[in-house]
**Q** 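Structure provided below as structure tokens; questions to follow.
Being a predicted model, the structure only gives us computed values, none of them experimental. Order of the sequence lines sets the chain letters (A, B, ...), proteins ahead of strands, with each chain counted from 1.
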There are 2 protein chains.
Amino acid sequence: MDTTQSTDQERSADRRRRELLEAADRVVLRDGPGASMNAIAAEAGITKPILYRHFGDKGGLYAALAQRHTDALLDSLRAALDAPAERRERVEATLDTYLAAIEARPQVYRFLMHPAEGGQPGGDQGFDVGKLSAPLLRRMGEELGTVIEERLDLGPDSRRLARIWGHGIVGMMHAAGDWWLGERPCTRAELVRSMADLLWGRLAAAGDRVGGPGF
Amino acid sequence: MDTTQSTDQERSADRRRRELLEAADRVVLRDGPGASMNAIAAEAGITKPILYRHFGDKGGLYAALAQRHTDALLDSLRAALDAPAERRERVEATLDTYLAAIEARPQVYRFLMHPAEGGQPGGDQGFDVGKLSAPLLRRMGEELGTVIEERLDLGPDSRRLARIWGHGIVGMMHAAGDWWLGERPCTRAELVRSMADLLWGRLAAAGDRVGGPGF
DNA sequence: AGACTCGCGTTACCGCAGGTAACATCTTAG
DNA sequence: CTAAGATGTTACCTGCGGTAACGCGAGTCT
């Protein structure tokens, strides 16, 4: 009945859990975001119900996997953000870190980016709009927002402003990165510089083109 | 055999197509992005195979639906972008237009945003990373990039820069909007202002907070 | 008129995915 | 030796995307 002497079994369960997650990782890396539970179970050398015992449902496995990668990526990003350098340099390093990560393992990040679909037939209608849209993006946005708020002096509304900017910048990074991955229109460094330029207000500062639209 | 006298049937087919799309629209509006083909067919008062005859597969219906909304939204955005006003005002109007749209019909835009999942079992493995990720986002990004390039004088690399910025800004808008829809941390106007501030370089211009991190 | 095609629509089915119930087994405690 | 409980299995259910095969009414050709 007591909960104190379960260390042994918990250890074992945790180890299995990690093994399963690593297997899932391999499958996702190979098959992309559409990896099926069957495939993951097979890769782990077991069968489906075990996966479900460990993770509840596919969303659970998704969440666990997402947390692993999100943690890892966030650590890298934090390191870039905390580097002792000029702000511009830190921002560029952060952007580059993110892009390097998605460039190295695109399948994984494609898997992480979109929602779990959900849609239980018998259950609720699910009006929680965008509630659990993309965990990685959300966490990155929050994190970046926190960092911005910690580091910068933004006046009275700093909290709100920082969070908005956090999510906004992450979204910019993500969308531009996704597009860049598909089309490869330039080098990573160029992309980084261009995005930093955008954040540095070059859009606002640029001159109008001569001969405007029609008039 | 000839292809000239098919106007009548084409009219009819087009009308049915439109009806089906409107039905699909209603269902997506009600059931969210997980709307099933069966549900859509039922809503339209017909059965599945007809949908497949008209749209090929779910991706086809998805594409058709996406095009409708994307066209409509892009028209609104172009209008905001083309308004005879200061650049800052136009940017704010554009952001606000987008946010108003997703606020008005969140389900629809949630449906539009994420990929079709794909994953044909017998066919290719699908290594086209992010190729067809989110049509709406991509089109908006391209469109905005074009507009930026047309309007602004950005020096030698204007084409590349404009496209990057287009996709980046759209991503920012999307991510911040998605987060805002879920949490509603502030009014729409505040969000718009904050994002415009970001684009106007306030991040770069802000002062460091007194007493930095640990040192 | 009668046969022929052809667009529109149906029922019934396949394969596969997520998810579960029920059974088998191996270890460990008393 | 027996009882409990984790570990793993097979076999199954549901629902979805997608398809094949058939039914039917309207125009067309001879």
**Q** Rounding to an integer number of Å, can you tell me how far Glu19(A) CD sits from dT7(D) P?
**A**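 Taking CD of Glu19(A) and P of dT7(D), I get 12 Å after rounding.
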
**Q** Identify which nucleotide among dG9(C), dG18(C), dG17(D) has an atom closest to any side-chain atom of Arg16(B), counting heavy atoms from C-beta outward.
**A**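 Comparing dG9(C), dG18(C), dG17(D) against the side chain of Arg16(B), the answer is dG9(C).
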
**Q** Rounded to the nearest Å, what distance is computed from the CG atom of residue Leu61(B) to the C1' atom of nucleotide dG18(D)?
**A**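 From Leu61(B) CG to dG18(D) C1': 14 Å.
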
**Q** What's the OH-P distance between Tyr62(A) and dG19(C), to the nearest Å?
**A**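 About 14 Å, once rounded to whole Å.
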
**Q** Roughly, in whole Å, what's the span from CG in Asp57(B) to P in dC16(D)?
**A**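 After rounding, the gap between these two atoms is 17 Å.
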
**Q** With DNA chain C as reference, determine whether Ala35(A) or Gly45(B) sits nearer its 5' end, using the nearest nucleotide of each.
**A**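 The residue closer to the strand's 5' end, by nearest nucleotide, is Gly45(B).
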
**Q** How about Ile169(A) and Thr94(A): do any of their side-chain heavy atoms sit closer than 4.5 Å?
**A**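 Contact flag for Ile169(A)/Thr94(A) side chains = no.
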
**Q** Using a cut-off of strictly less than 4.0 Å, decide whether Thr47(B) has a side-chain nitrogen or oxygen near OP1 or OP2 of dT10(C).
**A**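 Checking Thr47(B) against dT10(C): at least one side-chain N or O falls below 4.0 Å of OP1 or OP2.
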
**Q** Taking it one step at a time, do His167(B) and Asp178(A) satisfy side-chain hydrogen bond (donor to acceptor under 3.5 Å, both in side chains)?
**A** CA-CA 9 Å; His167(B) 287 280; Asp178(A) 204 52; over 6 Å; no

**Q** How many Å lie between CG on Leu51(B) and P on dT10(C), as a whole number?
**A**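 From Leu51(B) CG to dT10(C) P: 10 Å.
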
**Q** Report the nucleotide, chosen from dG17(D), dT9(D), dG19(C), that has the shortest atom-to-atom distance to any side-chain atom of Pro49(A).
**A**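 Of dG17(D), dT9(D), dG19(C), dT9(D) is nearest to the side chain of Pro49(A).
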
**Q** Looking at the side chain of Arg53(B), which of dC8(C), dT20(C), dT19(D) is the nearest nucleotide?
**A**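 The closest nucleotide is dC8(C).
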
**Q** Taking Ala204(B)'s backbone N and O only, do any of them form a donor-acceptor pair with Arg87(A)'s side chain (distance below 3.5 Å, no angle check)?
**A**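 Yes, the answer is positive, given that a donor and an acceptor are paired below the 3.5 Å cut-off.
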
**Q** How close or far is atom P of dG9(C) from atom NE2 of His54(B), stated in whole angstroms?
**A**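 Taking atom P of dG9(C) as the reference, NE2 of His54(B) is at 7 Å.
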
**Q** Base, sugar-phosphate, or nothing for Ile50(B), non-hydrogen atoms under 4.0 angstrom?
**A**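 Base contact.
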
**Q** Is any N or O donor-acceptor pair between the side chain of Lys48(A) and the base of dG19(C) shorter than 3.5 Å?
**A**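 Between dG19(C) and Lys48(A), which were checked side chain against base, a qualifying N/O pair under 3.5 Å is present.
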
**Q** Which residues satisfy the salt bridge (Lys or Arg N to Asp or Glu O under 4.0 Å) test with Glu22(B), sequence neighbours excluded?
**A**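 If we apply the salt bridge (Lys or Arg N to Asp or Glu O under 4.0 Å) test to Glu22(B), skipping adjacent residues, there are no hits.
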
